[in-house]
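Working notes, structure below.
Lettering follows sequence order; numbering is per chain, from 1.
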Amino acid sequence: MSRRADYVDWMKDHYRFVTELLLASVSEGEDLVLSLEAEQSLFLRFNANKVRQNTWIEQAAFGLKLQKDRRTSTVKITLAGDRGLDEARARAALAELRAEIPQLPVDEHQVAVVNNGRSDQQHRGHLLGDEAIIDAICEAAEGTDMAGFYCAGPIISANRNSKGQDHWFAAENFFMDYSLYDGPKAVKGCYAGSEWKTTAWQASLSQAKNQLSLLSRPVRDVPPGAYRAYLAPGAIAELLQTVSWGGFSYGGYRRGQSPLKKMVDENQSLSPKFTARENFDLGLSPVFNLNGEVSPTRLTLIEDGKLVNWLTSSRSAVEYGAPTNFAAESEGPRSLEVLSGTLLHGDVLKKLGTGLYLSNLHYVNWSDPQSARMTGMTRYACFWVENGEIVAPIKDLRFDVSLYDIWGQHLVEVTDFSETHPSTWTYEKRSLGGMRTPGMVVEGMKFTL
Amino acid sequence: MHKEELKKVLTDLAEKTDFVSLRHVKEKTTWRSVRNEAPDANLVAYDEGVMIEVFEKGHIGYAGTAELTSDGIRRAFEKARSQTQKASTRKIADFPESVRPPSRGVFKSPRVKSLDQLSVAGLVDYLMKGSKAAKISDKIVTRMAMANFVETEFFHLTSNGGEIEQDFSMLGMDLQATAQDGPESQTRSLNGGLARCRQAGAELFDVDAFVRGGEQIARESLELIAAENCPSDTRDVVLMPDQMILQIHESIGHPLELDRILGDERNYAGWSFVQPADFGSLQYGSKLMNVTFDPARRGEYASYAFDDGGTPATREFLIKDGRLERGLGSLESQFRSRLPGVANFRASSWNRAPIDRMANINLEPGTATLDELISKVEKGLWMTANRSWSIDDYRNKFQFGCEYGRLIENGKLTKVVKNPNYRGTTVAFWNKLDGVGRSELDEMYGTPFCGKGEPNQGIRVGHASPPCLFRNVEVFGGGQ
């Protein structure tokens with residue numbers, strides 16, 4: 001099959017060739033788990049509505065995990081796409097694993113390899129051709145100082161194991177993540193999907209331009225202090241991205257490292273208005289993890305302010321004698337949704353009254369994980385609001401707050417609308433997943449610098 | 001793919017475009033970790049691919065492939081060429097070919113013992129000993145020992161005659177201990193998360209030192225769960241080298257990247273408070289502040305002889321006697337900005353285009369002993385091992401935290417405090433520098449995880465610094 005005609009079909013054929021030969025090589029007493037993360041991507045980087053760099057890549061990371069004699073080891077290789085080369089690499093990797101296993105201690109937390117079923121999902125997209133996309137982006141943004149990143153192409157996640165499990169997920173999608181600048185003032189936008197529509201891109205830009213015009217007013221230097229604030233969906237997502245690094249992890253909790261630990265140990269709770277869950281119906285991520293385990297379509301993590309479930313991987317389940325909910329081994333959420341509330345879009349400023357309207361946050365980190373206390377900066381379109389009217393854009397502020405405050409007793413209202421944030425993470429490879437969040441009005445948010 | 005085959009492919013491709021280069025990267029990465037004296041991760045990853053770079057009408061574009069056959073590279077070349085031709089109609093700059101000097105040379109990381117001499121069983125045993133050493137109390141609920149090796153063979157060929165070979169051997173290791181008592185828990189590591197990164201060989205594995213480190217961090221994590229919170233006020237701070245590296249990285253390294261100043265990074269990590277006119281005039285810090293870009297320092301984590309654009313790498317002062325002299329910008333950024341730069345055009349691997357990065361950014365030693373720094377402080381805070389970092393998108397307002405602190409009272413170190421944090425603004429903070437440790441106190445660290453760029457790239461950087469004294473800093477502790 002020609003790889004030029006269809007990357008996904010070609011890769012599927014090649015993947016089956018490599019996996020078949022490996023699975024046929026499995027010996028008595030061995031279990032083998034195979035995984036694939038592949039992509040064919042176009043990356044376009046823009047500055048001042050000009051192309052800074054264009055890069056096309058094709059890559060396929062292939063994992064082999066061998067379990068034998070209660071020992072576990074993993075080797076990853078890059079598939080070249082050439083049958084001869086990849087057969088040699090795959091066989092060498094298996095030989096290396098077999099040589100390494102006897103040198104390892106017993107893996108006390110090993111998860112038995114089982115057949116977690118079969119699935120085959122392919123989501124075809126309609127992306128604009130590589131030749132046309134640059135003009136489509138730049139013509140619509142003509143006259144703006146646009147800095148941004150277009151990322152597009154097919155992406156694949158798959159795995160098989162020696163017990164017969166076989167999962168395949170492929171999607172063609174794109175995102176155009178961008179900022180419009182007016183001097184140092186800027187607004188953020190993201191147009192994403194599986195079908196490029198230039199009219200939709202123009203509409204996204206138009207909305208951003210309108211927001212940018214609000215920033216033309218003189219900047220207000222708001223002094224540090226505690227203020228009522230509206231955190232737009234993008235700002236809530238920034239906070240949750242940091243919480244997701246170990247915050248919901250059962251293993252992290254047992255190891256004394258989860259910032260949400262007090263929600264169990266001291267019955268600390270959030271506001272009854274706060275509910276968060278994994279929801280694979282958002283369509284952002286395959287429902288199986290890298291071991292091919294199929295997670296529940298929906299799993300509530302925080303319900304009406306109470307922590308009701310941790311994300312528990314099968315490995316943590318073995319280690320701590322708890323039930324698994326087939327989380328990823330990192331025990332981070334893959335498709336997190338915070339449920340919306342009752343505050344109407346048109347009532348947000350009125351509900352805020354006087355305080356800060358924060359569209360985005362930046363560089364969030366824990367200042368005291370024990371107290372779920374976070375710091376970070378305001379970024380992009382952030383305003384001072386008085387009596388329900390936008391008065392002025394603000395000079396960026398540093399916040400330092402405990403989630404137990406702003407999502408606890410100080411959570412005033414949650415919006416009845418929410419926004420989807422597909423992952424734009426591209427470290428080493430393009431990511432699947434994302435989250436959906438509403439906005440929130442909070443009281444007494446502390447700003448320190 | 002053999003070098004001779006790559007040369008032949010390059011010769012063929014060179015006839016079809018103004019300039020073409022092939023950057024071949026072959027890398028083996030090993031991660032091994034042990035938690036509570038049980039195996040946690042054993043992973044070896046092999047990666048190999050080539051990035052094709054083409055020059056069309058003053059614009060430079062890229063295509064990366066792992067299909068290491070003549071046909072595979074030619075196919076990627078055609079992709080790069082057609083897209084670069086199209087992109088050249090909307091290019092950010094009209095680059096001259098001089099931004100790709102035809103350099104030739106080799107580099108090899110220093111190593112006494114090859115990593116091949118470390119057996120799997122021997123390394124796991126080493127990690128087990130570190131983990132076990134931290135088991136000094138039932139309150140130490142988590143003991144983690146980890147090691148990371150990266151062995152990279154780099155081969156860069158250009159159609160204007162450049163040929164560079166670089167062979168890197170990079171190691172990182174860490175130990176962490178978490179103590180827990182009721183709802184209180186605190187974690188200590190050797191020098192902050194995976195900061196012990198060097199270019200070296202197997203000789204770096206010193207089991208006795210690792211065991212001593214395990215005992216020490218366990219003891220200190222127990223001290224922390226019994227300690228009071230760091231006070232909230234304004235006082236002098238002495239930052240140890242394993243916190244200075246973070247201070248240098250976030251408030252010197254990133255704001256001096258010329259591509260940030262040029263706006264390339266505005267949609268992701270941000271812009272910079274530094275303006276082009278600041279070079280040669282801005283008093284960035286006190287007269288005691290001397291900062292170098294030093295890719296030539298032997299054994300530091302991001303040492304190399306040439307960057308990924310083929311520019312020979314040399315040591316340069318970025319800040320001298322507190323005054324800003326030079327930015328972190330490649331030949332491309334130097335051409336666009338007309339500012340002085342360095343050889344820092346770097347990609348994380350074959351599948352990413354190079355951008356302006358840090359390499360080794362070091363604070364040069366001063367003259368003080370540690371006792372002298374501490375004895376100059378009446379009311380202060382001594383802090384070690386970075387735990388938390390956050391800074392704005394212009395690299396101005398920062399807040400950083402450490403794992404472990406001790407009060408300084410009347411020139412002496414006194415009681416341990418938990419959750420030590422401090423905040424400030426970049427230039428004001430560096431102008432409060434009032435003491436720099438002597439060369440014997442200089443320590444080298446690094447990180448494999450410096451993130452930047454679109455597409456995102458995590459790259460290895462090195463930092464070295466002695467301990468430093470800063471006056472009148474806003475400090476605070478934890479608590480809701």
Hey, are the side chains of [X] and [Y] touching, using non-hydrogen atoms and a 4.5 Å cut-off?
{"X": "A:Asp135", "Y": "B:Lys86", "result": "yes"}
{"X": "B:Gln176", "Y": "A:Arg255", "result": "no"}
{"X": "B:Ser390", "Y": "A:Met374", "result": "no"}
{"X": "B:Val44", "Y": "A:Glu100", "result": "yes"}
{"X": "A:Leu104", "Y": "B:Pro39", "result": "no"}
{"X": "B:Gln83", "Y": "A:Ile134", "result": "no"}
{"X": "A:Glu428", "Y": "B:Ser349", "result": "no"}

Of the backbone (N, CA, C, O) and the side chain (C-beta and beyond), which part of [X] lies under 4.5 Å from a heavy atom of chain B, both, or neither?
{"X": "A:Gln110", "value": "neither"}
{"X": "A:Leu449", "value": "both"}
{"X": "A:Val401", "value": "neither"}
{"X": "A:Thr448", "value": "both"}
{"X": "A:Lys429", "value": "backbone"}
{"X": "A:Lys262", "value": "neither"}
{"X": "A:Asp400", "value": "side chain"}
{"X": "A:Pro102", "value": "neither"}
{"X": "A:Glu39", "value": "neither"}
{"X": "A:Leu42", "value": "side chain"}
{"X": "A:Phe43", "value": "side chain"}

Given the rule in the side chain to side chain contact (heavy atoms under 4.5 Å, CB included) test, do B:Asp392 and A:Arg379 qualify, once you have shown the distances and angles that lead to the verdict?
-> CA-CA 8 Å; B:Asp392 70 48; A:Arg379 192 178 181 189; over 6 Å; no
Member of B:Asp264, B:Asp259, B:Asn267 meeting the side chain to side chain donor-acceptor pair (under 3.5 Å) criterion with A:Asn47 |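 Testing A:Asn47 for a side chain to side chain donor-acceptor pair (under 3.5 Å) against B:Asp264, B:Asp259, B:Asn267 leaves exactly one candidate, B:Asp264.
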Would you say the side chains of A:Asn54 and B:Thr84 form a donor-acceptor pair under 3.5 Å?
->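 Yes, side-chain donor-acceptor contact under 3.5 Å.
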Pair A:Thr78-B:Asp47, side-chain donor/acceptor within less than 3.5 Å |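 Side chains of A:Thr78 and B:Asp47: pair found under 3.5 Å.
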Taking every heavy-atom pair that is under 4.5 Å apart, which of [options] has the most such pairs with chain B?
{"options": "A:Lys76, A:Arg45, A:Gln103, A:Lys50", "value": "A:Arg45"}
{"options": "A:Arg315, A:His109, A:Arg254", "value": "A:Arg315"}
{"options": "A:Asp130, A:Val364, A:Asn365", "value": "A:Asn365"}
{"options": "A:Arg71, A:Glu96, A:Arg430", "value": "A:Glu96"}
{"options": "A:Gln370, A:Met377, A:Glu266", "value": "A:Gln370"}
{"options": "A:Glu108, A:Gln59, A:Lys261", "value": "A:Lys261"}

Would you say that more than 12 heavy atoms from the other residues, nucleotides or ligands in this model lie under 6.0 Å from the [atom1] of [X], or not?
{"X": "B:Lys397", "atom1": "NZ", "answer": "yes"}
{"X": "A:Arg83", "atom1": "CZ", "answer": "yes"}
{"X": "A:Lys185", "atom1": "NZ", "answer": "yes"}

Test A:Thr375 against B:Arg423 for side chain to side chain contact (heavy atoms under 4.5 Å, CB included), laying out the working first.
-> CA-CA 11 Å; A:Thr375 187; B:Arg423 57 171 80 99; over 6 Å; no
Keeping the roles fixed (side chain from [X], backbone from [Y]), state whether a donor-acceptor pair exists under 3.5 Å.
{"X": "A:Thr74", "Y": "B:Leu43", "answer": "no"}
{"X": "B:Arg90", "Y": "A:Phe46", "answer": "no"}
{"X": "A:Arg373", "Y": "B:Gly479", "answer": "yes"}

Relative to chain A, which of B:Lys418, B:Lys28, B:Gln399 shows the most heavy atom pairs under 4.5 Å?
->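 Ranked by contacts with chain A, first place is B:Gln399.
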For each of B:Met128, B:Lys79, B:Glu53, B:Gln180, tally heavy-atom pairs with chain A at distances under 4.5 Å, and name the one with the top tally.
->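 Winner by heavy-atom pair count: B:Lys79.
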With sequence neighbours excluded, what pairs up with B:Phe77 under the ring pair (Phe, Tyr, Trp, His ring centres under 6.0 Å) test?
->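 Testing B:Phe77 for ring pair (Phe, Tyr, Trp, His ring centres under 6.0 Å), a comparison that skips the adjacent residues, returns none.
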Check step by step if side chain to side chain donor-acceptor pair (under 3.5 Å) holds for B:Thr178 and A:Gln257.
-> CA-CA 8 Å; B:Thr178 300; A:Gln257 294 165 347; 2.9 Å; yes
Just do the side chain to side chain contact (heavy atoms under 4.5 Å, CB included) check on B:Leu262 and A:Arg52 with the steps written out, would you?
-> CA-CA 11 Å; B:Leu262 288 162; A:Arg52 172 63 188 96; over 6 Å; no
Does A:Arg89 count as lying over the ring of B:Tyr46, i.e. NZ or CZ under 6.0 Å from the six-ring centre, within 45 degrees of the axis?
->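 Here A:Arg89 fails the 6.0 Å and 45° test against B:Tyr46.
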Heavy-atom distance under 4.5 Å to chain A: side chain of B:Glu250, backbone, both or neither?
->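 Contact with chain A: side chain only.
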Sort B:Gln457 into side chain, backbone, both or neither according to what part of it lies under 4.5 angstrom from a heavy atom of chain A.
->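 Only the backbone of B:Gln457 comes within 4.5 Å of chain A.
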